[in-house]
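These notes concern the structure reproduced below.
Values below: all heavy atoms of this structure, side chains included; hydrogens, waters and symmetry mates excluded. Letters go in sequence order (proteins before strands), and every chain restarts at 1.
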There are 2 protein chains.
Amino acid sequence: MTVTQTGRSRGSYAKTAARRREILEAGMDVFAEQGFRSGSLREVAERVGMSQAGLLHHFSTKNDLLAAILDFRDDRDREESGIEIGSGIEGIRGLLRLVEHNMRVPGLVELHCVLSAEATSPDHPAHEHFVRRYSWLIDGMTVSFEVMAREGQLVAGVEPASAARMLIAMMDGLQLQWLLDRDSVDMAEETRRSLRPLLTVEL
Amino acid sequence: MTVTQTGRSRGSYAKTAARRREILEAGMDVFAEQGFRSGSLREVAERVGMSQAGLLHHFSTKNDLLAAILDFRDDRDREESGIEIGSGIEGIRGLLRLVEHNMRVPGLVELHCVLSAEATSPDHPAHEHFVRRYSWLIDGMTVSFEVMAREGQLVAGVEPASAARMLIAMMDGLQLQWLLDRDSVDMAEETRRSLRPLLTVEL
DNA sequence: GTCTATAAATTGATAGAC
DNA sequence: GTCTATCAATTTATAGAC
């Protein structure tokens, strides 16, 4: 695509991008605290110090903002786990790194917890997103456990598909417990502990 | 307390109780689908065929209705699991019965999933309720696993407190996966499978 | 016990000035 | 790019008739 730059300075592009980013972060906070349905654009706008109409210049509908947030979150997760899914034990280690990082960002954990629960409703604007995400994630982890099984890293009798489901379920359930009482749970340690009886190797 | 019955027939009591119950059930449906914060009293009222003001005669605020729903749900769970928490392997079996029953009532599973996520927010009207509920539940299951450890029903090296946390986390996480795609998961079977490596006995 | 009417607040989105 | 003003819809809760 050829773009003809007509007087629009790099500065204004950068500023707009920075503004979008600010809105994105404020949106994540608000939707984490109140959920998407009951979080308001006005509240998001206030937190970045602008009017609600001003916000809608950057994201033209509330659903647009949600979509941008979901993309942003997925990118971050990929960076933080730093690994392709489905790559044997390194896939599991990547997920554990993500859990460790999550314990430093309660807001993001709350966002995931609240949005994924809301999105179980078929008419929620993020429903399809979460259905796809979980199917992708569990399929990928199943492949990882299959690879591990072939390399003798899995205890006999452990079903790769079940182990994958179990690991993801564990992570989600621990997040809920952690959000309700942060001091009581070490998510990463509990996750490792629950994997140990399934593996013949150390993580 | 002495009550002077002045003309009020038994029938009208029964009718009121039945009405409250109808509202309760409709409320559970609405809050399951839309969450508490964004579910509306009007919608609940419509589903039982009455006006929103009429509903408020039975539950004088929205929070009142929520509190009644939470109590009702707890009673049902106790009945359905049919067992005291903290009683060894029977405690775990009770929980498994509850999981089996839950697969026949998706609405109740969705209600729990959505409300517990919403309630991680400290200013949510159900926050204290869920904090207490989880601490009670995990403490109780910890005792159950401790009893099992003493009776040699636990594999060596399994921490009762961790096993308790893990079991609850697993159940919650599987509920989320099940709500997003009901055909893909057998919650009860997956839960049993995840417990097997921890026990020296059959469930 | 249930209704209509209404108050008072909040919501997402649009129009148009600057 | 941001604002003010505004619309139309929706919310919980109250007042008061029947």
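- Between A:L65 atom CG and C:dT11 atom P there is a gap of 15 Å when expressed in whole angstrom units.
- Taking only distance into account, the side chain of A:R42 meets the base of C:dG12 through a donor-acceptor pair shorter than 3.5 Å.
- The distance from atom CD of A:E43 to atom P of C:dA9 is 18 Å, rounded to the nearest whole Å.
- Contact check, B:H58 against C:dT2: a side-chain N or O comes under 4.0 Å of OP1 or OP2.
- Residue A:A53 places its side chain closer to D:dT4 than to any other of C:dG12, D:dT4, D:dA13.
- With DNA chain D read from its 5' end, the first of the two nearest nucleotides for A:G54 and B:S60 is the one closest to A:G54.
- Atom P of nucleotide D:dT11 and atom CZ of B:F31 are separated by 12 Å, given to the nearest angstrom.
- An OP1 or OP2 oxygen of C:dT2 is reached within less than 4.0 angstrom by no side-chain nitrogen or oxygen of B:S51.
- The CZ-C1' distance, from B:R37 to D:dT11, rounds to 15 Å in whole Å.
- The existence of a salt bridge linking B:E25 and B:R21 is confirmed by a sub-4.0 Å separation between a basic side-chain nitrogen and an acidic carboxylate oxygen.
- Between the CZ atom of A:F36 and the P atom of C:dG12 there is a distance of 8 Å, rounded to whole Å.
- For B:L41, the side-chain atoms get nearest to D:dA13 when compared with the rest of D:dC3, D:dA13, C:dA13.
- In this structure, A:E46 atom CD and C:dG12 atom P are separated by 12 Å, rounded to whole Å.
- Using a 4.0 Å cut-off, no side-chain N or O of A:H57 falls inside it from OP1 or OP2 of D:dT2.
- Between B:H124 and B:F36, the gap from one ring centroid to the other is short of 6.0 Å.
- With respect to B:E190, the side chain to side chain contact (heavy atoms under 4.5 Å, CB included) criterion is satisfied by exactly one of B:R192, B:M187, B:R193: B:R193.
- Note on B:T16: a side-chain N or O is less than 4.0 Å away from OP1 or OP2 of C:dG1.
- At the heavy-atom level, B:L56 lies under 4.0 Å from base atoms of the strands shown.
- B:S162 places no side-chain N or O within 3.5 Å of a backbone atom of B:E159 that could act as its donor or acceptor partner.
- A salt bridge does not link B:E110 to B:R182: none of the charged side-chain nitrogens sits closer than 4.0 Å to a carboxylate oxygen.
- In this structure, B:L55 atom CG and D:dT14 atom C1' are separated by 15 Å, rounded to whole Å.
- One can place NZ of A:K62 at 14 Å from C1' of D:dA9, the figure rounded to the nearest angstrom.
- Phosphate proximity of D:dT2 to A:R19: present, with a side-chain N or O under 4.0 Å from OP1 or OP2.
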